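In what follows, chains carry the letters A, B, and so on, assigned in the order in which the sequence lines appear, proteins first and then strands, with residues in each chain numbered from 1. Every value quoted in this text rests on a predicted model; they were computed, and no experiment measured them.
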Protein chains: 2
Amino acid sequence: MSQYERTCMIRGDGGRTIRAVLDRICDKWTLLIVATLEEGRLRFTELQRHVPGISQRMLTLTLRNLERDGLVSRTAYAEVPPRVEYELTPMGQSLIPPALALAGWAIENNARILASRAAYGQEAGDGERTQG
Amino acid sequence: MSQYERTCMIRGDGGRTIRAVLDRICDKWTLLIVATLEEGRLRFTELQRHVPGISQRMLTLTLRNLERDGLVSRTAYAEVPPRVEYELTPMGQSLIPPALALAGWAIENNARILASRAAYGQEAGDGERTQG
DNA sequence: CTGGATCCCGAGTGATACTG
DNA sequence: CAGTATCACTCGGGATCCAG
């Protein structure tokens with residue numbers, strides 16, 4: 001694949017493609033829920049326990065969006081008390097590998113980014129940023 | 001790599017790892033700018049032309065963050081009129097492959113997601129969602 | 001147990017005007 | 001040309017309360 005074709009995959013028609021993914025996975029909880037559900041089918045409360053810090057409201061909203069987009073399937077059992085189970089669809093599972101690629105990049109580069117961030121603006125001297 | 005290790009890469013310490021990346025790339029313009037800069041070193045105005053719809057303000061802000069994180073290098077030439085060039089650092093370039101993995105996923109699944117979204121809530125009948 | 005409804009706040013973003 | 005400053009607005013997301 002040429003570099004031109006590669007950047008086109010991202011830049012595409014003005015970036016609509018990449019923005020489509022980002023709009024879907026970039027909220028605060030989606031990827032965490034998907035990763036959690038890869039471990040297996042879980043109930044609402046179980047999910048809430050496995051994703052520390054998520055509120056009831058956000059868990060509901062995120063699951064609804066995932067269900068709506070076909071990444072997660074929801075099964076409600078007509079019981080008392082209610083029981084609802086969530087699991088990844090095949091399409092949901094297919095999101096894991098690219099997500100892992102990102103996570104791997106994060107692990108490899110996070111320290112360097114933090115270092116760069118700490119150093120930014122600290123370069124005392126005559127110029128604050130690179131001079132050509 | 002076992003499934004447990006895989007999900008741990010994402011879920012990690014409560015998801016801090018994956019959130020670190022997302023916080024960095026999930027804004028509206030970062031990935032588009034990175035992809036555009038992969039084509040080569042560009043000036044401010046050139047970048048603005050290559051990224052349709054971005055405002056001067058957001059281009060500046062996004063570039064500052066990328067520079068601060070060490071993903072983009074900025075070179076200012078002491079000329080009149082001013083000339084400033086931006087290019088990816090090696091770390092910035094290393095973000096392209098995982099970004100492409102995501103873009104590829106988007107291309108492959110976007111149609112299915114839109115279909116699922118269109119169908120959601122339209123399943124007329126006795127139950128609105130899956131019954132167990 | 002599984003949510004829905006409501007209120008509120010801050011972050012991200014766009015528009016616009018100004019500057020060295 | 002390459003920014004900076006300010007305002008206004010939207011929207012994600014947390015807290016809280018209510019319901020089947």
Query raised in the report: Looking at residues 46-61 of chain A, who's got a heavy atom less than 4.0 Å off DNA chain C?
Result: Gln56(A), Arg57(A), Thr60(A)

**Report entry** Spacing of Asp23(A) atom CG relative to dG12(D) atom C1', expressed in whole Å
**Finding:** 13 Å

Query - Short side-chain donor-acceptor distance under 3.5 Å, Ser116(B) and Arg68(A) - result: no

Requested in this report: Find the distance Arg74(B):CZ to dA2(D):P and express it as a whole number of Å.
Outcome: 10 Å

Query raised in the report: From the list dG3(D), dC1(D), dG13(D), which nucleotide is the closest neighbour of the side chain of Lys28(A)?
Result: dG13(D)

Query raised in the report: When the distance from CD of Glu67(B) to P of dA2(D) is rounded to whole Å, what number comes out?
Result: 14 Å

Query raised in the report: So, Asn65(A) and Thr62(A): side-chain donor and acceptor under 3.5 Å apart, yes or no?
Result: no

Query raised in the report: Roughly how many Å is it from CZ in Arg19(A) to P in dG12(C), rounded to a whole number?
Result: 14 Å

**Report entry** Non-hydrogen atoms of Val34(B) and Leu88(B) that approach each other most closely
**Finding:** O-CD1, 3.6 Å

Requested in this report: Looking only at non-hydrogen atoms, find the nearest pair between Trp105(A) and Ser94(B) and report the distance.
Outcome: NE1-OG, 2.9 Å

Report task. Return the nearest nucleotide to the side chain of Trp29(A); candidates are dA2(D), dG14(D), dC1(C). Result -> dG14(D)

**Report entry** side-chain contact (heavy atoms from CB on, under 4.5 Å) partner of Leu42(B), chosen from Leu37(B), Val84(B), Val51(B), Ile33(B)
**Finding:** Leu37(B)

Query raised in the report: Please give, in whole Å, the distance from dT4(D) P to Leu63(B) CG?
Result: 11 Å

Query raised in the report: If only side-chain N and O atoms of Arg43(A) are considered, is one of them under 4.0 Å from the OP1 or OP2 phosphate oxygen of dC1(C)?
Result: no

Query - Any Arg83(B) side-chain N or O less than 4.0 Å from OP1/OP2 of dG3(D) - result: no

Report task. Grab the CD-P distance between Glu85(B) and dG3(D) for me, whole Å please. Result -> 12 Å

Query raised in the report: Considering only heavy atoms from C-beta outward, does the side chain of Trp29(B) approach that of Leu59(B) to under 4.5 Å?
Result: no

Query - N-O pairing of Arg41(A) and Glu85(A) below 4.0 Å - result: yes

Report task. Give a yes/no answer on whether the side chain of Tyr86(B) brings an N or O atom under 4.0 Å of OP1 or OP2 in dC1(D). Result -> no

Query raised in the report: Closest to the Val84(A) side chain: dT13(C), dG3(C), dC1(D)?
Result: dG3(C)

